[in-house]
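Proteins get letters first, then strands, A, B, ... in listed order; numbering begins at 1 in each.
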2 protein chains.
Amino acid sequence: MATLADVARRSGVSVMTASRVLSGRGPASASARDAVTQAADELGYVPNAVARGLRNSRTGTVALVISDIQNSFYSAVAKAAEKGLGAHGLNLTIASSNEDAQRERDILQAIQAMRADALLITPTEHNGDHLQRLAQHGLPIVQLDRSVPGSDIRRVLLDNAGAAWRAVTHLTEHGHRRIALVGGPERITTGAERASGARNAARQAGAELLVAEAASYLHEGTRPAVEEAIDWGPTALIAGNNIVLETCMDVLLERGIDVPTALSLVAFDDLPWLRWTPAPITALRQPIAQMTTAAVSMLFTDPDSDGVERRFPAELVERASVRRITTAS
Amino acid sequence: MATLADVARRSGVSVMTASRVLSGRGPASASARDAVTQAADELGYVPNAVARGLRNSRTGTVALVISDIQNSFYSAVAKAAEKGLGAHGLNLTIASSNEDAQRERDILQAIQAMRADALLITPTEHNGDHLQRLAQHGLPIVQLDRSVPGSDIRRVLLDNAGAAWRAVTHLTEHGHRRIALVGGPERITTGAERASGARNAARQAGAELLVAEAASYLHEGTRPAVEEAIDWGPTALIAGNNIVLETCMDVLLERGIDVPTALSLVAFDDLPWLRWTPAPITALRQPIAQMTTAAVSMLFTDPDSDGVERRFPAELVERASVRRITTAS
DNA sequence: CTGAAAGCGCTTACAG
DNA sequence: CTGAAAGCGCTTACAG
C-alpha cells in the first residue's frame, strides 16, 4: 500500500511537503500542491491512521461498550452514537459485554490498548474501579443508561424513578390496587431507581406493590421473577425493560392470560411490535436518540463546566393494554 | 500512560528484554521475567496496540460493515461476529452504511486508513469496484447476506431462491392461487434471488404471483410496494424481509385486514414477536449465527482452497398465519 | 515556501 | 540469555 514516501518520490518533493499538502496544514506552493495531489490520486494513497495515531496520540476512535448488542435498546444507542460521532469525523468501535464482568474487563483493557480517544459505556456494576482508573489516565468517559454506583464519572440517564412513578400512577388512576413490577437487578441503577419510583407511587396511592427482581437483564435471568409476579395475582403488571417484556409475553401466552381483561400491562421501552399484539401495549418511551446525542456531546465537553449527570424523562404512550377497574364502593 | 521503556527502566533491564517477557516470545531468565512482570503490574502497563500495529502491520481489528445496525437481522450478525472474532483474539469495529452508497464509500476508506486486518460486509450494490480494489491490496473480505454483482469476492449467503420457493410452495400446497411477494430491490441479490425463486415455484404450481419491488430495504422505501401488493387482492402475502414485514403489519392494521382469515402471511426472518401477534406468524428462519460464523472462519482461510461461495438453507417455521383454502372444484 | 532530523512505542533480525 | 540498532509511517518543531 502506498505510503507518504511513495507519494513524495513520485511528485518530486520531500515527505514533509507531501504531508503538508495532504493534511492541508502549513503552507505549500501551488505547483507542489498539484504535483502531490496528483501523485496521491494515481497511487490511490490513503493515509495510515495507525501511524498517524501513534504520532499524534489521538486515534480518532471512540469506543462504545454496551451490555447486549441484540437488545434493541442498545442497538438504537449504537445507531445514534454512530451518527453523532460521524458528525465529529470520528470512528466508532462497538463491543458488547453481555452483562459479564470478566468480559467487560477484557474489553476495557482492549480499549486502553488501542488508545481510543473516548469511551461511551452502559456499564455493568462490577468494574467501577477500572473505569475510574481509565478516567484518571485522562480518558473521557460518559456512562449511558446505567451508572456504576458511587463514582464521579459523568452519565446520561433516564429519570428512572420518575418513569416508574408515572407507570404506577397511571395504573392506580385506572383503579388498580394490586400491581407487580418485574424489575432488573437492584444492583443496577435502572433496577434500583425504577423499583424505588414505583414504591413511592404505590405508597402515595395506597396501592399494593410487589417488586419481583430479575436475576439479570438477560433472558434466562428473567423468567423466575416474571412467574413470581404473575403468581402473586396482580391486576396489573409492569415490565421493567424490553427483555423482561418478552419473557412476560411468553409466560402470558403459555398460561392463556388475556391482556387487558385478565391482566393489565405497561412496558418500559417502546418498540414497533407493541402496536401489533392483540391489545396494543402501553409503554414508557425513552428518548434514546436524544440521550445518546447528549452523551456524545458530553464526551467533548469540559467535565468541570457541564455537570456530572443529565436526566431525561420518559414519555407514556397509551395504547390498549391497561383496563380501567371500577371498584364497587 | 506507562510505556515499555518505563517498565524496562523500573525493572532494570533493556526495553528489548521487557518486550520479550511481556510478549512471551523469545527467551528470558527467571529473574528478568519476575522483575519485568512486577514492574509492569505496578505501573499498570498496557501495551500500546497502535505502536504494535504500526510495527507489525497487523492491527488485530476486523471491520464489520452492515446496512443497518437497528435491523435485528444485522444486530444478530454483529453479535455472532463479535463472538467468533473474540475467539480469535480479535477486536471488532462496526459501522453502518444505512444503505447509502456515499456513506459506504467513506466507511471503506476509513477501514483502509485504519488498516483493519479483514472485512466482513453486507454490501450495498454500489461499491463493488472499491471492494475489489481493497481485495487486490490483500485485504481479506467476505460478503455476508448479500453480494455485489459480478465480483469474485467470497460470500456467505442464504439460499434465497430456495427459501422463497419454499414459501410459495407452502402457500400453494395450502390452496393459494393468488400470491403476492413484497421483495427488496432486485438490484440487491437477496431481492432478485427471492423473486426468482418465488416465480419458479408459482409457475410450477400454476399459481398467480405478483412481485412488488420495494424501493429500498429501509422503512420509507417499502410502503408503496406493500400497498401495491395488498391492493392487488392476493389470498396470501410474503414479506421479503423483516423491514417489509413491519410495514405490512402497519398497513394490515390500518386497513383492518385480518390474518389469516382475510389474508395469509409468511415472513422472511424469524423474530420473537412473531409469536405474539393475534395469529402467530409463519416465518422463514435464517441460520444467522451459523452463517456469520462461517463468514468469520472464511476470513482466515485460504481463498483458493475453500471456494468462493457458501449457501445456507432457511427453515420454515409454521405458525398460524397461513389459512388452508379449499376451492370448490 | 521547503527540507533534514527526531520521535511516537513497539518488535525483528543481528551481535554478543 | 541479553542488548544496541533500525524501522513501521507519520507529523512537529526547527532551520534555511
Side-chain angles (χ1 to χ4, degrees), chain A residues 1-37 39-40 43-61 91 109-117 137-138, chain B residues 1-37 39-40 43-61 91 109-117 137-138:
Chain A
M1 212 165 278
T3 71
L4 199 55
D6 297 328
V7 175
R9 201 170 312 122
R10 186 179 188 103
S11 51
V13 302
S14 72
V15 171
M16 205 33 292
T17 306
S19 166
R20 268 196 294 256
V21 170
L22 293 174
S23 68
R25 33 218 289 94
S29 67
S31 67
R33 199 170 295 280
D34 288 351
V36 170
T37 36
L43 292 170
Y45 173 71
V46 176
N48 185 330
V50 179
R52 200 176 258 177
L54 178 59
R55 173 62 237 227
N56 298 340
S57 47
R58 287 199 353 103
T59 54
T61 296
N91 287 112
Q109 169 126 358
I111 285 169
Q112 193 180 357
M114 71 192 284
R115 303 303 198 255
D117 292 341
H137 278 314
Chain B
M1 209 165 280
T3 70
L4 198 55
D6 298 329
V7 175
R9 200 170 312 122
R10 186 179 188 103
S11 51
V13 302
S14 72
V15 171
M16 204 35 294
T17 305
S19 165
R20 268 194 295 256
V21 171
L22 293 173
S23 68
R25 30 215 295 93
S29 67
S31 68
R33 199 170 296 281
D34 289 351
V36 170
T37 35
L43 292 169
Y45 172 71
V46 176
N48 184 330
V50 179
R52 200 176 259 178
L54 179 58
R55 172 63 236 226
N56 297 341
S57 46
R58 286 200 354 102
T59 54
T61 297
N91 286 112
Q109 170 126 359
I111 285 169
Q112 193 180 356
M114 70 192 286
R115 303 302 198 255
D117 291 341
H137 278 315

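- The side-chain heavy atoms of B:Met1 and A:Gln112, taken from C-beta on, include a pair separated by under 4.5 Å.
- Using a 4.0 Å cutoff to heavy atoms of chain B, the contacted part of DNA chain D runs 5' to 3' from D:dC1 to D:dG9.
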Where each pair must be Watson-Crick or G-U wobble with both distances under 3.5 Å, what dot-bracket representation of DNA chain D is obtained, with crossing pairs in [ ] and other-strand partners as |? |||.||||||||.|||

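- Contacts between residues 109-117 of chain B and DNA chain C, counted as heavy-atom distances below 4.0 Å, involve no residue at all.
- No donor-acceptor pair under 3.5 Å is formed between the side chain of A:Ser19 and the backbone N or O of A:Val15.
- Using a distance-only test at 3.5 Å, with no hydrogens or angles considered, no donor-acceptor pair links the side chain of B:Thr61 to the main chain of B:Asn91.
- Heavy atoms of B:Ser57 sit nowhere under 4.0 angstrom from any nucleic acid atom.
- Of the possible polar contacts, none joining the B:Thr17 side chain to the B:Val13 backbone as a donor-acceptor pair under 3.5 Å is found.
- One N or O on the side chain of A:Thr59 and one on the backbone of A:Arg115 form a donor-acceptor pair closer than 3.5 Å.
- Between the side chain of A:Asn56 and the backbone N or O of A:Arg58, no donor-acceptor pair lies under 3.5 Å.
- Listed for the A:Arg10 side chain is no donor-acceptor partner under 3.5 Å among the backbone atoms of A:Ala39.
- Contacts of A:Val50 with the nucleic acid, taken as non-hydrogen atoms under 4.0 Å apart, are absent.
- Although no hydrogens or angles enter the test, the distance criterion places a donor-acceptor pair under 3.5 Å between the side chain of A:Asp6 and the main chain of A:Thr3.
- Nearest-nucleotide positions on DNA chain D place B:Ala30 closer to the 5' end than the other of B:Ala30 and B:Ala51.
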